[in-house]
Engineer: 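Got a structure for you, written out below as structure tokens; questions coming shortly.
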Protein chains: 2
Amino acid sequence: MAAVKVFPEDVDRKLNEVFTRYGYDGTSMEMLSQASGLKKASLYHRFPGGKKDMAAHILKKTETWFQEHVNSVLHDEGRSMSDRLTEALDAIRFLFEDGTRNCTLRMLSACSETPYFQETIRSCFNILQDAFSFIAKGNGMSESEAAGKSMQAIINIQGSLVLSRAMDNQEIFKASVAAIPELLGVPK
Amino acid sequence: MAAVKVFPEDVDRKLNEVFTRYGYDGTSMEMLSQASGLKKASLYHRFPGGKKDMAAHILKKTETWFQEHVNSVLHDEGRSMSDRLTEALDAIRFLFEDGTRNCTLRMLSACSETPYFQETIRSCFNILQDAFSFIAKGNGMSESEAAGKSMQAIINIQGSLVLSRAMDNQEIFKASVAAIPELLGVPK
DNA sequence: GTCTATAGCTTGATAGAC
DNA sequence: GTCTATCAAGCTATAGAC
């Protein structure tokens, strides 16, 4: 077979899809090879540490994604709180495909290599916590109240995603995300 | 080695521990054998369908547990709403070891055999939904309002458990569970 | 940088003795 | 009902050609 150049961003996207759908231990090198279009040896060339390195890599990309699509957006002081939050929540809905797609962080936060991933996962949640908290404080909440409501927003996202998928009803996710602006004190 | 009789309830508890900790795909027959004290062939004697059967079995036990420790308790009309809810939430705190133990339902709701487990998992969440909803209605809420608050209670439990473990901070779980009585309209 | 081929191990599962 | 012994398949990972 011909050795066709495969773009890193396409590989990353496919690896992410597989890990997010099947979890770390439910994913094999063969699955990653078929999804990415690269043979196993080629994957090892790009990721010498194998599966573990691939998962760590897509987690780092996830961290960047949250930084860009949630944190930076919410800190963009040129626009109204409401507009910023709308954009960030739209991005989150897109990421989780309206509640039909699993959360990469959650799928990698309970597996045989979790200790290796934990720091990045924690960092991702901290980025969200900071971002939502910033909005809540901007809407007049105290530091501690904002921290609590921000945590609740993340709990809503994670919990509703678990439930939406288990009950096969994406309205649960949609309703939980839709409730976040009011939770964070955004004026109607 | 001597063939020592091992009690089914002890085996069940150990199998549950392993599946809940490592997930379905992260669990091997060897791990289940070591944890239960039964050799692999003995496990196949008790569970002819292998791993899949064992996980399905512990899920059925989980369903019974929720029925007995949450649903039945909350429907026990001989006591106050507040007392019943306190007992059920204490059981939930015990089940999840104050936020340090994973949720069996969640760990089995995203794995290679999920389709095989989904019906029971769904049933477990429905039992919780009915139970919390019954309390909320008893406290004066409408059918639809009670359904919403009940769903929020389950989201709080699942979401806070994910976060508690990811952030290594069990206070997140404790606070979320502690907020449930007020959420369901129990008078202070 | 991608491939084929394969090593070495672990997996889920079974046969058959006691 | 539990065990030892074993199988075939799948796994992660590597060697070496192009």
Side-chain angles (χ1 to χ4, degrees), chain A residues 1-59 61 107-108 110-117, chain B residues 1-59 61 107-108 110-117:
Chain A
M1 192 170 124
V4 182
K5 170 74 181 171
V6 182
F7 293 108
E9 51 267 41
D10 292 333
V11 173
D12 291 349
R13 204 186 64 248
K14 287 296 184 181
L15 299 183
N16 192 325
E17 277 178 22
V18 178
F19 278 125
T20 300
R21 181 159 187 172
Y22 300 101
Y24 184 82
D25 293 309
T27 295
S28 70
M29 288 297 297
E30 187 56 38
M31 292 162 76
L32 294 166
S33 169
Q34 297 222 351
S36 66
L38 287 172
K39 297 293 176 186
K40 283 190 276 182
S42 304
L43 286 173
Y44 278 102
H45 177 78
R46 298 196 184 199
F47 303 95
K51 244 177 90 171
K52 195 158 53 170
D53 264 20
M54 293 182 228
H57 174 72
I58 66 126
L59 272 176
K61 299 276 283 190
M107 294 301 284
L108 296 176
C111 70
S112 53
E113 296 291 351
T114 296
Y116 190 74
F117 305 145
Chain B
M1 191 172 125
V4 182
K5 170 72 182 173
V6 182
F7 292 108
E9 51 266 43
D10 292 333
V11 173
D12 289 350
R13 203 186 65 248
K14 287 296 185 182
L15 299 184
N16 191 325
E17 277 178 22
V18 177
F19 278 125
T20 300
R21 181 159 187 171
Y22 300 102
Y24 184 82
D25 293 309
T27 296
S28 70
M29 287 297 299
E30 189 56 40
M31 291 162 78
L32 294 166
S33 169
Q34 298 221 350
S36 66
L38 286 172
K39 296 293 176 184
K40 282 192 276 181
S42 304
L43 286 174
Y44 276 102
H45 177 77
R46 299 196 184 199
F47 303 95
K51 242 177 91 171
K52 194 159 53 170
D53 265 20
M54 293 182 227
H57 174 72
I58 66 127
L59 271 176
K61 300 276 282 189
M107 293 302 283
L108 295 177
C111 69
S112 54
E113 296 291 350
T114 297
Y116 190 75
F117 304 144

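On a predicted model such as this, the values are computed, not experimentally measured, just so you know.
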Engineer: Please state how far atom CG in B:Leu32 lies from atom P in C:dA13, giving the value in whole angstrom units.
Structural biologist: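 Rounded to whole Å, this separation is 11 Å.
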
Engineer: Whether the side chain of A:Lys61 engages the backbone of A:Arg13 through a donor-acceptor N/O pair (distance < 3.5 Å, no angle test) should be reported.
Structural biologist: no

Engineer: Distance check needed: D:dT2 P versus B:Phe47 CZ, whole Å only.
Structural biologist: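 Interatomic distance, CZ of B:Phe47 to P of D:dT2: 11 Å.
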
Engineer: Taking side chain as C-beta onward, heavy atoms only, is B:Met31 less than 4.5 Å from B:Tyr22?
Structural biologist: yes

Engineer: If only atom types and distance count, is the side chain of A:Ser36 paired as donor or acceptor with the main-chain N or O of A:Ser33 below 3.5 Å?
Structural biologist: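 It does hold such a pair.
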
Engineer: Quick one: which of C:dC3, C:dA15, D:dT12 gets closest to the side chain of B:Ala41?
Structural biologist: C:dA15

Engineer: Report the nucleotide, chosen from C:dT11, D:dT14, C:dT14, that has the shortest atom-to-atom distance to any side-chain atom of B:Glu30.
Structural biologist: C:dT11

Engineer: Nearest to the side chain of A:Ser28, which nucleotide is it out of C:dT11, D:dT12, D:dC3?
Structural biologist: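 Of C:dT11, D:dT12, D:dC3, D:dT12 is nearest to the side chain of A:Ser28.
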
Engineer: Mind checking whether A:Tyr24 and A:Phe117 have parallel, tilted or perpendicular rings, split at 30° and 60°?
Structural biologist: perpendicular

Engineer: When you check the phosphate oxygens OP1 and OP2 of D:dT12, does a side-chain N or O of A:Lys51 lie under 4.0 Å from one of them?
Structural biologist: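 Indeed, a polar side-chain atom of A:Lys51 lies that close.
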
Engineer: For B:Tyr116 and C:dG12, give me the distance from atom OH to atom P, rounded to whole Å.
Structural biologist: 16 Å

Engineer: With the side chain counted from C-beta on, respond yes when A:Leu15 and A:Phe47 share a heavy-atom pair under 4.5 Å apart, and no when they do not.
Structural biologist: yes

Engineer: Mind checking if A:Thr27 touches a base, just sugar-phosphate, or nothing, with heavy atoms under 4.0 Å?
Structural biologist: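 A:Thr27: backbone/sugar contact only, no base atoms under 4.0 Å.
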
Engineer: Over how many whole Å does the gap from B:Lys39 atom NZ to C:dG12 atom P extend?
Structural biologist: 16 Å

Engineer: Rounded to whole angstrom units, what separation is found between the CG atom of A:Leu43 and the C1' atom of D:dT14?
Structural biologist: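 For the pair A:Leu43 CG and D:dT14 C1', the rounded distance is 14 Å.
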
Engineer: How many Å lie between CD on A:Gln34 and P on D:dT12, as a whole number?
Structural biologist: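 Interatomic distance, CD of A:Gln34 to P of D:dT12: 13 Å.
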
Engineer: Expressed in angstrom and rounded to an integer, what is the separation of A:Tyr44 atom OH from C:dA7 atom C1'?
Structural biologist: 13 Å

Engineer: Whole angstrom is fine here: how far is it from NZ in A:Lys40 over to C1' in C:dA7?
Structural biologist: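 A:Lys40 atom NZ is separated from C:dA7 atom C1' by 12 Å.
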
Engineer: Of all the nucleotides listed (C:dA13, D:dC3, D:dC11), which has the minimum atom distance to the side chain of B:Leu38?
Structural biologist: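 Selected nucleotide: D:dC3.
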
Engineer: Go through D:dG1, C:dC3, C:dG1 for me and flag the one nearest to the B:His45 side chain.
Structural biologist: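 That would be D:dG1.
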
Engineer: I want to verify a distance call: between C:dT4, C:dT14, D:dT12, whose nearest atom is closest to the A:Met29 side chain?
Structural biologist: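 Nearest to the side chain of A:Met29 among the choices is D:dT12.
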
Engineer: Let's see if you can work this out: which of D:dC3, D:dG1, C:dT2 has an atom nearest to the side-chain heavy atoms of B:Arg46?
Structural biologist: D:dG1

